[in-house]
2 protein chains.
Amino acid sequence: MPTDKNIELTISDGHASAPPKAAKKILDVAYDLFYRRGIRAIGVDEIVKRAGVTKPSLYRSFPSKDELAASYLRQYDLEYWERFDEAVAAHPGDPRAQIKAFLTRIGKRTQVADYRGCGMTNAAVEYPDHSHPARVVSEANKQELRRRLRAMAVEMGAQDPDTLGDGLLLLIEGAYISGQLFGLGGPAQAVSRNADLLIEASLKK
Amino acid sequence: MPTDKNIELTISDGHASAPPKAAKKILDVAYDLFYRRGIRAIGVDEIVKRAGVTKPSLYRSFPSKDELAASYLRQYDLEYWERFDEAVAAHPGDPRAQIKAFLTRIGKRTQVADYRGCGMTNAAVEYPDHSHPARVVSEANKQELRRRLRAMAVEMGAQDPDTLGDGLLLLIEGAYISGQLFGLGGPAQAVSRNADLLIEASLKK
DNA sequence: ATGTATACGTACCGATCGGTAACATTGTCA
DNA sequence: TGACAATGTTACCGATCGGTACGTATACAT
């Protein structure tokens, strides 16, 4: 869900002036529609209609639909790391518990009807072209996720931290995808358990 | 890559007559374009152009673009289980080796530039609506994958076979997705190693 | 009150979307 | 050669796509 924080960081780059109010409504609506139904599936007409604004307003705040999609993902990115940091902050100095908290949360999120997975992952699937503005944001987010997981694997004292970090990433991505593929009762509910088994098997003896 | 086998099973349902030749060219081209660039990203005009046929020919063989996409996935499904069964047949009676062979193959496939992941997974991301013809095929394929993996986990003598089977599925889906997200050197290359660790940790002692 | 800038709306653009009607042409087998 | 099925040709449909030219309203400062 979109929040109101840091909107000005994502919609209008550069100049520090306050953004038009229409831009916030547009981004909020675009966030919701892009996430739930996909970026390619949503036209700008539907966005402006649901936002109660007009098309020129959209194009005054965003240079193109592709850039609006990138802005949506930048907002998604902010909220993603907020959730991640919450799990980390809940267990200071205990990376294994941090991971477990994050994965338990993911496992729970996937167990709702019409779960739509990770907006970053979905956007990358929709736009295979690496130069697409939305994909650039998506790839950066995933690189950062990999970096953090590998760092936590080091902290945990894994025998091969890169392998464990990557294994955790695979489980996480698998949970995002299978969550939207299987719905309730799908494999994603087992992500935390499997991660725990994998971590246990990967620690130095 | 599309093969020529079993085309008649996927393009025209019901009557057992040989399919028109244009239909095969159309399906081959659609297979390639849908897989590499996405279903929503490709218009029927581009398909018929690349296939060297005309639009009416497409709509004589396929009732709609959505059904053509479903036919593409049915073909994908056939080839998917061919690859799976190859890995199984290579190690009779040894499910752990079967899994390892299948995952090693996936790990290798992901390590090429512009890898595009699993066509089934991608289609599900593109079409969140569960009633979409393409998604119906995709979900059936994934259900079958889950069934097989859980059955193999039983054969392997896992303590909790459902959890292990689901864990393997998560790793596999993670490999598909991260393969296209990270490109060369990504986490997907560690899928076989992590699966092996997970299996080892999941067996009855 | 009046200028000035900024935000917004009406109406429109060409291109492309998926899909079709009507008819001409081809290849094949009897 | 006749007959039939498959394909091609051309032109078209309404809807939607992303995007814009241009006029209007509103706010604020002087």
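In the text below, chain A, chain B and the rest are named by the order of the sequence lines, each starting its count at 1.
One can place CD of A/Glu46 at 11 Å from P of D/dT16, the figure rounded to the nearest angstrom. For B/Arg60 and D/dG8, the CZ to P distance is 8 Å, given to the nearest whole Å. Here the C1' atom of nucleotide D/dG8 and the NZ atom of B/Lys25 are 11 Å apart, to the nearest Å. Taking atom CD1 of residue A/Ile26 and atom P of nucleotide D/dG19, one finds them 13 Å apart after rounding to whole Å. Distance B/Lys21 NZ to C/dG27 C1': 8 Å, rounded to the nearest Å. For the pair B/Leu58 CG and C/dC17 C1', the interatomic distance rounds to 14 Å; values are reported in whole Å. In this entry the distance linking NZ of B/Lys65 with C1' of D/dT16 reads 13 Å, nearest Å. Distance, A/Lys24 NZ to C/dC8 C1': 18 Å, rounded to whole Å.
Nucleic acid contact for B/Ser57: sugar-phosphate only, since backbone atoms but no base atoms lie under 4.0 Å from a heavy atom of the residue. Residue A/Ile42 is in sugar-phosphate contact alone, with no base atom involved, counting any heavy-atom pair closer than 4.0 Å across all strands shown.
For the pair A/Arg40 and B/Pro56, nearest-nucleotide mapping onto DNA chain D gives the more 5' position to B/Pro56.
In the set D/dG18, D/dC22, C/dG18, the nucleotide with an atom closest to the side chain of A/Asp45 is D/dG18.
One finds no side-chain N or O of A/Lys55 lying less than 4.0 angstrom from the OP1 or OP2 phosphate oxygen of D/dG19. Between A/Tyr59 and D/dT20 there is no side-chain N or O to OP1 or OP2 distance below 4.0 Å.
Taking a cutoff of 4.0 Å between a charged side-chain nitrogen and a carboxylate oxygen, A/Arg105 and A/Glu86 qualify as a salt bridge.
Between atom NE2 of residue B/His130 and atom CG of residue A/Asp114 there is a gap of 5.0 Å, rounded to the nearest 0.5 Å. A distance of 9.0 Å separates CZ of B/Arg146 from CG of B/Leu170, quoted to the nearest 0.5 Å.
Proximity of a side-chain donor or acceptor of B/Thr104 to a complementary backbone N or O of B/Lys100 within less than 3.5 Å is detected.
Minimum interatomic distance between B/Ala30 and B/Ile47 (heavy atoms only, all atoms of both residues): CB-CD1, 4.1 Å.
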